[in-house]
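Read through the structure below, which is laid out as structure tokens, and then see the notes.
In what follows, residues are counted from 1 in the order of the sequence shown. This one's a predicted model, so the numbers in the text were calculated from it and none came from an experiment.
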Amino acid sequence: CTGSTPNPVLACRTVEDVWLCTWLPLLRAVGSCCAHVPPPLTALALQALETLLTLRELASLPPELQCLGFELSLLPVLEDMLQLRILPAAKKAAAGAGDADQDRVATSGLDLLAKVYLQLLPGLGALPEFDVLWIKVLNMVQAFSKANAGERTAAALELHLQNMLVAMARMGLLRKPAMHKSSSG
């Protein structure tokens, strides 16, 4: 290319710059395919997103960048899947016109959430605002639960939530906060 517009990728000087200039937009673009492609292609889009989000290089980034990737790519993708695919299918199923892909798509979304969360947990757990991220994950799990996608999804919910809690307990992330004694007594 010979243009007067500088290539933003070439302007990237740090790992953070490369992450923000190239990887985050790529993750978001691949993620948008998960909710916006025909059902037969959804599984491929989810596999591509999982491959990108579970690269070892992502786990080696500073925790703040891992958190950005999680919050700005994965959580919005799952929200889109819920709003555009899973919840409308659940409404059709309740009306008697079931969608065979609903349970599979919902389970795949939960699988992706759990796998990425567990892989990035060592870095994410080190963040001072980890509790806020954990609440966001729980809200997403709750949203999938309320979607009533099917038996596979219900089983996946239980299994993934259990695995997340066990991993967090092993890392010491579920300890009770220290109780402060009052000065009055």
* Worked check of side chain to side chain contact (heavy atoms under 4.5 Å, CB included) between Met140 and Leu110 -> CA-CA 9 Å; Met140 186 60 63; Leu110 280 170; over 6 Å; no
* To do: Could you walk me through whether Phe70 and Leu113 pass the side chain to side chain contact (heavy atoms under 4.5 Å, CB included) test, one step at a time?
  => CA-CA 9 Å; Phe70 195 85; Leu113 173 65; 3.7 Å; yes
* To do: Take Val77 and Met81 through the test side chain to side chain contact (heavy atoms under 4.5 Å, CB included) and record every step on the way to the result.
  => CA-CA 6 Å; Val77 164; Met81 285 177 59; 4.2 Å; yes
* Might you work through the side chain to side chain contact (heavy atoms under 4.5 Å, CB included) test for Ile135 and Asn139, ending with a clear yes or no? => CA-CA 6 Å; Ile135 295 297; Asn139 286 336; 3.7 Å; yes
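Note: His36 NE2 to Leu41 CG = 14.0 Å, rounded to the nearest 0.5 Å. Interatomic distance, Lys115 NZ to Leu112 CG, rounded to the nearest 0.5 Å: 9.0 Å. Rounded to the nearest 0.5 angstrom, Ser60 OG and Leu55 CG are separated by 9.5 Å. Remark: Asp111 CG to Arg104 CZ distance equals 12.0 Å, nearest 0.5 Å. Distance check, rounded to the nearest 0.5 Å: OG of Ser145 to CG of Leu161 gives 9.5 Å. Taking OG of Ser32 as the start and CG of Leu84 as the end, the distance is 11.0 Å to the nearest 0.5 Å.
If you check the side chains of Gln162 and Glu158, you find no donor sitting under 3.5 Å from an acceptor.
When side chains are defined from C-beta on, Trp23 counts as touching Leu52, because their heavy atoms get closer than 4.5 Å. Counting heavy atoms from C-beta on, the side chains of Phe144 and Leu78 come closer than 4.5 Å. The shortest side-chain heavy-atom distance between Met168 and Phe130 falls under the 4.5 Å cut-off. Between Val141 and Met164, the closest side-chain pair of non-hydrogen atoms falls below 4.5 Å. No side-chain heavy atom of Thr42 sits under 4.5 Å from any side-chain heavy atom of Ser108.
In plain terms, the two heavy atoms of Leu173 and Gly125 that are nearest each other are CD2-O, 3.5 Å. The nearest pair of heavy atoms linking Leu61 to Gln66 is O-NE2, 2.8 Å. Scanning all heavy atoms of the two residues, the minimum distance from Val30 to Leu49 falls at CG1-N, 3.7 Å. When every heavy atom of Leu127 is checked against every heavy atom of Pro63, the shortest pair comes out as CD2-CB, 3.5 Å. Here the closest heavy-atom approach between residue Leu24 and residue Ser73 is recorded as CD1-CB, 4.4 Å. Minimum interatomic distance between Leu118 and Ala167 (heavy atoms only, all atoms of both residues): CD2-CB, 3.6 Å.
At a threshold of 4.5 Å between side-chain heavy atoms, the hydrophobic network of Ile, Leu, Val, Met, Phe, Trp and Tyr places Val132 and Tyr117 in two separate groups. Linking Ile, Leu, Val, Met, Phe, Trp and Tyr residues whenever their side-chain heavy atoms come within less than 4.5 Å leaves Leu138 and Leu159 in two separate clusters. A continuous path of hydrophobic side-chain contacts links Leu44 to Val37 [ILVMFWY only; heavy atoms under 4.5 Å]. Hydrophobic clustering of Ile, Leu, Val, Met, Phe, Trp and Tyr side chains at less than 4.5 Å, counting indirect connections, unites Leu165 with Leu133.
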